[in-house]
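No hydrogens, no waters, no symmetry mates; every other heavy atom, side chains included, goes into these values. The structure displayed is predicted, hence computed values, not measured ones.
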Amino acid sequence: MASNQIHQYEELYPSEDLEDFVSLYFKSKNLSDAPEKMTICPDGYFKLIVQLKEDNIIAYFLTGLWVNEVEITLPPQVTTYGIKFKIIAAEYILKREIQSILNTVEQLGTDYLGIDSLKFGSLRNVAEQFEKILKKRLPPKEQILGNRLRLSQFLYSNYKDIQANEVADQIYWSHRQINRYMNKYVGTTLKKYLNVQKCYRAYLQIREGEFFPEKGFFDQAHFIREVKKHTGHTPTSLYQGKNDQFIQLNNIGKL
């Protein structure tokens, strides 16, 4: 659990049955009596978010993928629970596209996925309830197409710098078909998605105060340009804001 005087954050990873569809579950709380401003940088996931104050749901929404930074404000004394989904969860768990909410959010009714019946408390308890809901929505394994599954497994386990055409070669699915699938469900091409992931991996390096790219960038100028394109900030300014604004720089653990 990460915590400071005004913010508390913790996360849990999913069960083996859901690891191809869910990255993690998280709980975040603004401990102060004032709104807390934060910046969320693109990370390659879409999210289901529910916020509570005094045990009452005050906000419930689904985010699309972010390809640019977004400024958020956490209300005082509000607890946020969330699920970070991998891209194929749109088709197989939510059974819908999320391309229509690229870089934005969609407000949800509290009956969606039965969230209004959850008992909120510890993250572990809430994650267990989330898991029961999500597992019921998964189709039988034989109905999950292999190319989709290979795409998810490859994107979220490969930490090398890789080009879009190499992804196609590795998972035996054509570049054109992957782009068609990703545009339909999440609203971005494979190349743009890989750039988001590359910058997200760079946050680990930035967090440690290292501003020279290890791989995936031609040179330092390219590194700075790409990070700024996706976050609105240079690596140096991201690092300088890590303690009070850029939440991922404190909490990022893995893709």
Side-chain angles (χ1 to χ4, degrees), residues 13-26 40 42-52 57-68 70 72 80-118 120 126-156 164 167 171 173-194 196-197 200 255:
Y13 298 127
S15 65
E16 185 176 349
D17 290 339
L18 288 167
E19 64 183 4
D20 290 317
F21 307 90
V22 173
S23 170
L24 57 82
Y25 308 100
F26 66 89
I40 303 295
D43 60 7
Y45 303 99
F46 67 98
K47 304 168 185 71
L48 189 74
I49 304 291
V50 57
Q51 294 183 318
L52 294 93
I57 296 176
I58 61 169
Y60 182 38
F61 54 91
L62 181 69
T63 81
L65 287 181
W66 298 101
V67 296
N68 299 305
V70 58
I72 65 170
T80 300
Y81 297 89
I83 307 174
K84 291 176 67 170
F85 285 111
K86 299 179 180 181
I87 57 175
I88 68 167
E91 178 182 11
Y92 287 114
I93 291 183
L94 299 192
K95 307 182 190 308
R96 55 161 290 177
E97 53 75 26
I98 58 163
Q99 58 88 13
S100 58
I101 53 172
L102 182 72
N103 284 326
T104 188
V105 304
E106 179 181 313
Q107 301 298 325
L108 303 171
T110 55
D111 57 341
Y112 182 70
L113 297 183
I115 293 297
D116 52 359
S117 65
L118 293 190
F120 292 95
V126 173
E128 289 173 355
Q129 295 175 79
F130 278 148
E131 290 247 328
K132 290 180 181 179
I133 293 169
L134 301 181
K135 285 179 181 179
K136 286 180 180 179
R137 297 181 66 86
L138 269 182
K141 289 184 178 180
E142 60 270 18
Q143 293 181 19
I144 298 173
L145 296 178
N147 49 14
R148 271 76 157 165
L149 194 58
R150 291 193 299 272
L151 178 65
S152 178
Q153 291 171 341
F154 188 82
L155 289 179
Y156 299 106
V167 175
I171 70 171
W173 196 12
S174 77
H175 187 187
R176 182 178 178 183
Q177 289 174 318
I178 294 172
N179 275 339
R180 185 180 300 141
Y181 177 78
M182 293 189 66
N183 275 311
K184 176 181 177 180
Y185 280 100
V186 299
T188 190
T189 65
L190 177 60
K191 181 178 179 179
K192 289 181 180 178
Y193 184 83
L194 290 172
V196 167
Q197 276 201 326
Y200 188 56
L255 282 175

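Minimum interatomic distance between His175 and Leu190 (heavy atoms only, all atoms of both residues): CD2-CD2, 4.3 Å. In terms of heavy-atom proximity, Phe26 sits nearest to Ile83 at CE2-N, 4.0 Å. Taking both residues in full, the closest heavy atoms of Arg137 and Leu94 are given as NH2-O, 3.5 Å, listed atom of the first, atom of the second, then distance. Between Ser23 and Pro14, the shortest heavy-atom distance links the atoms O-CD, 3.2 Å. When all heavy atoms of Leu155 and Leu194 are compared, the closest pair comes out as CD2-CD2, 3.8 Å. Of all non-hydrogen atoms in Ile57 and Asp116, the two that sit nearest each other are CD1-CA, 4.5 Å.
Side chains of Thr104 and Phe61 form no contact here, defined as non-hydrogen atoms less than 4.5 Å apart. Within the 4.5 Å cutoff, the side chain of Phe21 has heavy atoms near those of the Ile144 side chain. With a 4.5 Å cut-off on side-chain heavy atoms, Lys95 and Pro139 count as touching. Two residues are said to be in side-chain contact when any heavy atoms from C-beta on lie closer than 4.5 Å; Ile171 and Asn147 fail this criterion.
Shown here are the side-chain hydrogen bond (donor to acceptor under 3.5 Å, both in side chains) partners of Ser174, two or more places apart in sequence or in another chain: Gln177. Legend: residues meeting side-chain contact (heavy atoms from CB on, under 4.5 Å) with Gln99, ordered by chain and number and at least two apart, are Glu97. Looking at residues two or more places apart in sequence or on another chain, you find no side-chain hydrogen bond (donor to acceptor under 3.5 Å, both in side chains) involving Thr110. Listed by chain and residue number, Asn125 satisfy the side-chain hydrogen bond (donor to acceptor under 3.5 Å, both in side chains) test with Gln129 (two or more places apart in sequence, or in another chain). Residues passing the side-chain contact (heavy atoms from CB on, under 4.5 Å) test with Glu142, sequence neighbours excluded: Pro140. For Asp20, the side-chain contact (heavy atoms from CB on, under 4.5 Å) partners two or more places apart in sequence, or in a different chain, are Leu149, Ser152, Gln153. Scored by the side-chain hydrogen bond (donor to acceptor under 3.5 Å, both in side chains) test, Tyr81 finds no partners at all (sequence neighbours excluded). Checked against side-chain contact (heavy atoms from CB on, under 4.5 Å), Leu108 has the following partners two or more places apart in sequence or in another chain: Leu48, Tyr60, Leu62, Glu106, Tyr112. Taking the salt bridge (Lys or Arg N to Asp or Glu O under 4.0 Å) definition, one finds that Asp17 meets it with Lys135, sequence neighbours left out.
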Exercise for review: Just do the side-chain contact (heavy atoms from CB on, under 4.5 Å) check on Ile133 and Leu118 with the steps written out, would you?
Suggested key: CA-CA 10 Å; Ile133 293 169; Leu118 293 190; 3.7 Å; yes
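Applying the ring-ring contact (aromatic ring centres under 6.0 Å, His included) rule to pairs touching residues 84-111 yields Phe46-Phe85, sequence neighbours excluded. Contacts classified as salt bridge (Lys or Arg N to Asp or Glu O under 4.0 Å) and involving residues 173-183 (residues at least two apart or in different chains) are not found.
Residue Ile93 holds its CD1 atom at 14.0 Å from NZ of Lys136, rounded to the nearest 0.5 Å. Note that OH of Tyr193 is 8.5 Å distant from CG of Leu151, once rounded to the nearest 0.5 Å. Once rounded to the nearest 0.5 Å, the distance linking CG of Leu65 with CD1 of Ile98 reads 4.5 Å. One distance of note links CD1 of Ile72 with OG1 of Thr63; it measures 10.5 Å at 0.5 Å rounding. Atoms CD1 and CZ, on Ile88 and Arg150 in that order, are 11.5 Å from each other to the nearest 0.5 Å. The structure places CD of Gln51 at 5.5 Å from CD1 of Ile58, a figure rounded to the nearest 0.5 Å.
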If you look only at distance, which donor and acceptor atoms sit under 3.5 Å apart when one is on a side chain in residues 182-189 and the other is two or more places apart or in another chain?
| from | atom 1 | to | atom 2 | distance (Å) |
| --- | --- | --- | --- | --- |
| Asn183 | ND2 | Asn179 | O | 3.1 |
| Thr189 | OG1 | Lys192 | N | 3.2 |

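Sparse packing is recorded around NZ of Lys132, with 12 or fewer heavy atoms of other residues, nucleotides or ligands lying under 6.0 Å away. For Gln107, the CD atom sits in a packed shell: over 12 heavy atoms of surrounding residues, nucleotides or ligands are nearer than 6.0 Å.
Tyr25 and Glu131 share a donor-acceptor pair across their side chains, judged by distance under 3.5 Å alone.
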